[in-house]
Amino acid sequence: MPLNVLDPRAPFVLDVRELGRRPGSMQHKTLVVHAPADLGIGGVVEVPEGSDIGLTIRLESVMEGVLVSGEARALISGECARCLDPFDDQLAVEWQELYAYPEGETDTESEADEDGLSVQDDMIDLEQPVRDALVLALPLAPTCRDDCPGLCSQCGARLEDDPSHRHEYTDPRWAALAELLTNETNESGSSGAGPTEEM
Ligand SMILES: [Zn+2]
Ligand SMILES: [Zn+2]
């Protein structure tokens, strides 16, 4: 896939011809694009493919190229890190990038494209910066809400459903001992291995 060819119909590609090259001239654009695939952190939280991403863009002509300041608003969905329930949330991020004019306009293989972003045939591609800004802002351990009580560490019960949920023995070693003692009583000492010898 050649780097230097932008598809003017691609959702993240903007035509900047109207902006002109007089430094200081400015344009504002708002658009809604569909989220591309793989915009997320593997299975934890993502911007669902095809969901709307709202973009508010300011284009500013500067000496070296086009300075783009943008805000993206997206829906994110994921799995709560505490209670494992699916949840949806909103995310808004801002970014700024300079799209440089190529050194020699006709030399499409020029080194200008190697690292930074560039204006290509009077077009710019917003996808990479939008993608980077959103992925960077995704929470690594998302929760359905700030005070999600999560799951009981012992039995996995949802604490939200049962706020007074607790176990009589909080230390698992004591819980194991209690179980042994219960068995002992029930089975009238038929087992030779008493719990007291093992302690
Ligand atoms: Zn939760
Ligand atoms: Zn429990």
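Just so we're clear, the structure is a prediction, and the values are computed from it rather than from any experiment.
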Open item on the list: Please tell me whether V33 and L59 are part of a single hydrophobic cluster in this structure, the criterion being side-chain heavy atoms less than 4.5 Å apart.
Closed with: yes
Open item on the list: For residues L31 and L117: do they belong to one hydrophobic cluster (side chain heavy atoms under 4.5 Å, members Ile, Leu, Val, Met, Phe, Trp, Tyr)?
Closed with: yes
Task: 4.5 Å side-chain heavy-atom contact, P149 and P163 - done: no
Separation of [Y] [atom2] from [X] [atom1] (nearest 0.5 Å):
X: Y101; Y: R21; atom1: OH; atom2: CZ; answer: 4.5 Å
X: T30; Y: I57; atom1: OG1; atom2: CD1; answer: 9.0 Å
X: C80; Y: L151; atom1: SG; atom2: CG; answer: 8.0 Å
X: Q154; Y: C152; atom1: CD; atom2: SG; answer: 5.0 Å
X: I76; Y: D89; atom1: CD1; atom2: CG; answer: 5.0 Å
X: M26; Y: E60; atom1: CE; atom2: CD; answer: 4.0 Å

Task: Closest non-hydrogen atom pair, L39 against A35 - done: CD2-CB, 4.5 Å
Task: ring pair (Phe, Tyr, Trp, His ring centres under 6.0 Å) partners of residues 125-156, not counting sequence neighbours, each pair once - done: none
TODO: Any ring pair (Phe, Tyr, Trp, His ring centres under 6.0 Å) involving residues 131-165? Give me the pairs, sequence neighbours left out, ordered by first then second residue.
DONE: H165-H167
Open item on the list: Connecting only ILVMFWY residues whose side-chain heavy atoms lie within less than 4.5 Å of each other, what is the rest of L98's hydrophobic cluster?
Closed with: V62, L67
- [ ] Any chance you could pull the hydrophobic cluster mates of L75, using side-chain heavy atoms under 4.5 angstrom and chaining through other members?
- [x] none
Results of salt bridge (charged side-chain N to carboxylate O under 4.0 Å, His left out) for [X] - residues two or more places apart only:
X: D7; result: R9
X: D122; result: R17
X: E64; result: none

Open item on the list: Working note: R73 + L91, criterion side-chain contact (heavy atoms from CB on, under 4.5 Å); need CA distance, chi angles, decisive distance, verdict.
Closed with: CA-CA 6 Å; R73 292 166 310 282; L91 186 64; over 6 Å; no
- [ ] Kindly indicate, with the supporting measurements, whether the criterion side-chain contact (heavy atoms from CB on, under 4.5 Å) is fulfilled by R58 and Q27.
- [x] CA-CA 6 Å; R58 191 189 71 178; Q27 263 190 343; over 6 Å; no
TODO: Mind jotting down which residue pairs meet the side-chain hydrogen bond (donor to acceptor under 3.5 Å, both in side chains) criterion with at least one end in residues 75-85? Sequence neighbours excluded, please.
DONE: D85-R158
Could you give the side-chain donor-acceptor pairs of residues 123-139 under 3.5 Å, partners two or more places apart or in another chain?
unit_1 : atom_1 : unit_2 : atom_2 : d
D125   : OD1    : E127   : N      : 3.0
E127   : OE2    : R131   : NH2    : 3.4
Q128   : NE2    : D132   : OD1    : 3.0
R131   : NH1    : D38    : O      : 3.1
R131   : NH2    : A37    : O      : 3.1

TODO: Only pairs at least two apart or in different chains count here, so list each salt bridge (charged side-chain N to carboxylate O under 4.0 Å, His left out) that has a residue in residues 143-153.
DONE: R145-D147, R145-E160
TODO: Give a yes or no answer on whether the side chain of S25 reaches the backbone of L19 with a donor-acceptor pair at less than 3.5 Å.
DONE: yes
- [ ] List for me each residue that meets side-chain hydrogen bond (donor to acceptor under 3.5 Å, both in side chains) alongside S69, sequence neighbours excluded, and say none if there are none.
- [x] Q96
Distance-only check: which donor-acceptor pairs under 3.5 Å involve side-chain atoms of residues 44-54, not counting sequence neighbours?
unit_1 : atom_1 : unit_2 : atom_2 : d
S51    : OG     : P48    : O      : 2.7
D52    : OD1    : H34    : ND1    : 3.3

